[in-house]
Engineer: 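One structure follows; several queries about it will come next.
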Number of protein chains: 2
Amino acid sequence: MVTPGAAHAPTGNIRLLIADDQALVRGALGALLSLEGDLEVVGYAGNGDEAVTEAQRLRPDVCLMDVQMPGLDGLEATRLVVAACESTRVLIVTTFAKPGYLRQALEAGASGFVVKDTPAEQLAEAVRRVHAGSRVVDPALAEASLFEGANPLSEREREVLKYAGDGLTAPAIAAEVFLSAGTVRNLLSAAIGKVGARNRTAAARIAQDKGWI
Amino acid sequence: MVTPGAAHAPTGNIRLLIADDQALVRGALGALLSLEGDLEVVGYAGNGDEAVTEAQRLRPDVCLMDVQMPGLDGLEATRLVVAACESTRVLIVTTFAKPGYLRQALEAGASGFVVKDTPAEQLAEAVRRVHAGSRVVDPALAEASLFEGANPLSEREREVLKYAGDGLTAPAIAAEVFLSAGTVRNLLSAAIGKVGARNRTAAARIAQDKGWI
DNA sequence: CCGCCCGCATGACACCTGTCACGAATTCTT
DNA sequence: AAGAATTCGTGACAGGTGTCATGCGGGCGG
């Protein structure tokens, strides 16, 4: 019998926190997982900051975390959740199978990585395996991550390449990052070379696809 | 009592088809909507072609349709479903609140347009209202669509701008679309002017954000 | 203390981009 | 049938891009 008011009622259920910036997806995932008898959704978060706050408050067994969220992104939120809640394991649930994302997720301490192409039936199983201490990662994605996951760009190169991808000129980027236009062009040129593109627009697209920016 | 084998059992339930290229999202939406006593998910589709085929086979009351799907996109699929199945209403359920998407969706015959930021509780209600013959559109998005939804770009301009957004040079684009490099530059210049950007990269980004490409 | 490395900056050069004017061919409207 | 509009193409010019060499200052390691 469950003791009323117990901080963590020893019901045997796996307690879940779901973090996704899209309310519909968040709610739908909650509905899906609640159908499983042994899974219990105890909280929701709409962005990275909320995810950290709610994880600290609720101490869920598993936190399902999207990557691209406004403000604090899911990778940084993962790092903070893992650091603050020893008993909480993080399962990344993301739209894009980007090698860079997987690598960063594992470096941040995530226990699993699932893309939204995965059949719905497999999500509950992934949650259970993560809770049991297993790693859950698509093998093909893991292999891609080994070769492509490592980000070849420096912090500054990533910074200027993001702006270039939005169409800003070198002088405009220079104003944003407080460097000279010539330095920005040198950084862009280096980034273009590392990514193997023919210009800054293509470089930004490739880096984004790989999860490097 | 339901007659066994009846093509459309007269149960009073609203029969749904869910089209989304992400299996997890598709399944989760199905789980969410199945919780409602009067809604019945009768089929799923992972792309636009499947959506059309399944709609013709199942004759659902409402089809939930994502926009960005591989192959036939959700807007074109909507057009075909509406043309082929008189009794099926289409509710667009998409990630991006792009004015151009809304306009194209309504032009394609969609009865509703919901973004995935919407609270999960409102989805079932939106389905019921669409089924009842109502239009379901966020008023703010409708207003934005009036001013920004109309695509100012010609067919050719859209075509070359997409390539430019991926970083292709004018000669490379010319090879893809079978025009001269000079013509491509003229088309890009016209598109840049219409969109109000300072270069092709920014123009591609703006057009994509507005749902024009 | 010295040498090396890294980040930032400048300048030069070749090439690409964006704009504009003009013309030819095709299509559409009157 | 004729005129207008649209699409495509060419050429010229100014500005932006990408590459490369070089130099300076600060930090780090020996």
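Predicted model, so just to flag it, every value in this text is computed and none were measured. Labels below follow one simple rule: chain letters A, B, ... track the order of the sequence lines, proteins then strands, and each chain is numbered from 1.
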Engineer: Which whole-number value in Å describes the distance from E155(B) CD to dC8(D) C1'?
Structural biologist: 16 Å
Engineer: Nearest 0.5 Å, what's the CD1-OG distance between I92(A) and S111(A)?
Structural biologist: 9.5 Å
Engineer: Looking only at heavy atoms, which two atoms of W212(B) and G149(B) are closest? And how far apart?
Structural biologist: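 Closest approach of W212(B) to G149(B), heavy atoms only: NE1-O, 3.5 Å.
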Engineer: Over all heavy atoms of both residues, which pair between A191(A) and E157(A) is shortest? Give the atoms and the distance, please.
Structural biologist: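 That closest heavy-atom pairing would be CB-CB, 4.2 Å.
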Engineer: Quantify the bending of the helix from dC1(C)-dG30(D) to dT30(C)-dA1(D) as the angle between its end axes, each fitted on five pairs, to 10°.
Structural biologist: 40°
Engineer: Taking NZ in K162(A) as the centre, count heavy atoms belonging to other residues, nucleotides or ligands within less than 6.0 Å. Is the count above 12?
Structural biologist: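 Atom NZ in K162(A) is not crowded, with 12 or fewer foreign heavy atoms closer than 6.0 Å.
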Engineer: Counting N and O atoms only, with roles assigned by atom type, does the side chain of T78(B) sit under 3.5 Å from a partner on the main chain of A108(B), one being a donor and the other an acceptor?
Structural biologist: no
Engineer: Would you call R103(A) and E107(A) a salt bridge, using N to O less than 4.0 angstrom?
Structural biologist: yes
Engineer: Can a salt bridge be assigned to the pair R128(B) and D38(B) using a cut-off of 4.0 Å between side-chain N and carboxylate O?
Structural biologist: yes
Engineer: Got a salt bridge between D61(B) and R15(B), using NZ or NE/NH1/NH2 to carboxylate O under 4.0 Å?
Structural biologist: no
Engineer: With a 4.5 Å heavy-atom cut-off, do L179(A) and L187(A) have their side chains touching?
Structural biologist: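 In short, these two side chains touch, coming nearer than 4.5 Å.
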Engineer: Less than 4.0 Å between a side-chain N and a carboxylate O, is that true for D20(B) and K116(B)?
Structural biologist: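 Result for this pair is yes, salt bridge flagged.
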Engineer: Does R156(A) put a side-chain nitrogen or oxygen below 4.0 Å from OP1 or OP2 of dC8(C)?
Structural biologist: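 Yes, within the criterion.
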Engineer: Output the residues of residues 173-180 of chain A in contact with DNA chain C, where contact means a heavy atom of the residue under 4.0 Å from an atom of the strand; sort by number or write none.
Structural biologist: L179(A), S180(A)
Engineer: Quick check on contacts: within residues 183-197 of chain A, what sits under 4.0 Å from DNA chain C by heavy-atom distance?
Structural biologist: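 Listed by number, they are T183(A), R185(A), N186(A).
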Engineer: Please tell me which of N199(B) and G182(B) maps to the more 5' nucleotide of DNA chain D, matching each residue to the nucleotide holding its nearest heavy atom.
Structural biologist: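 Residue closer to the 5' terminus by nearest nucleotide: G182(B).
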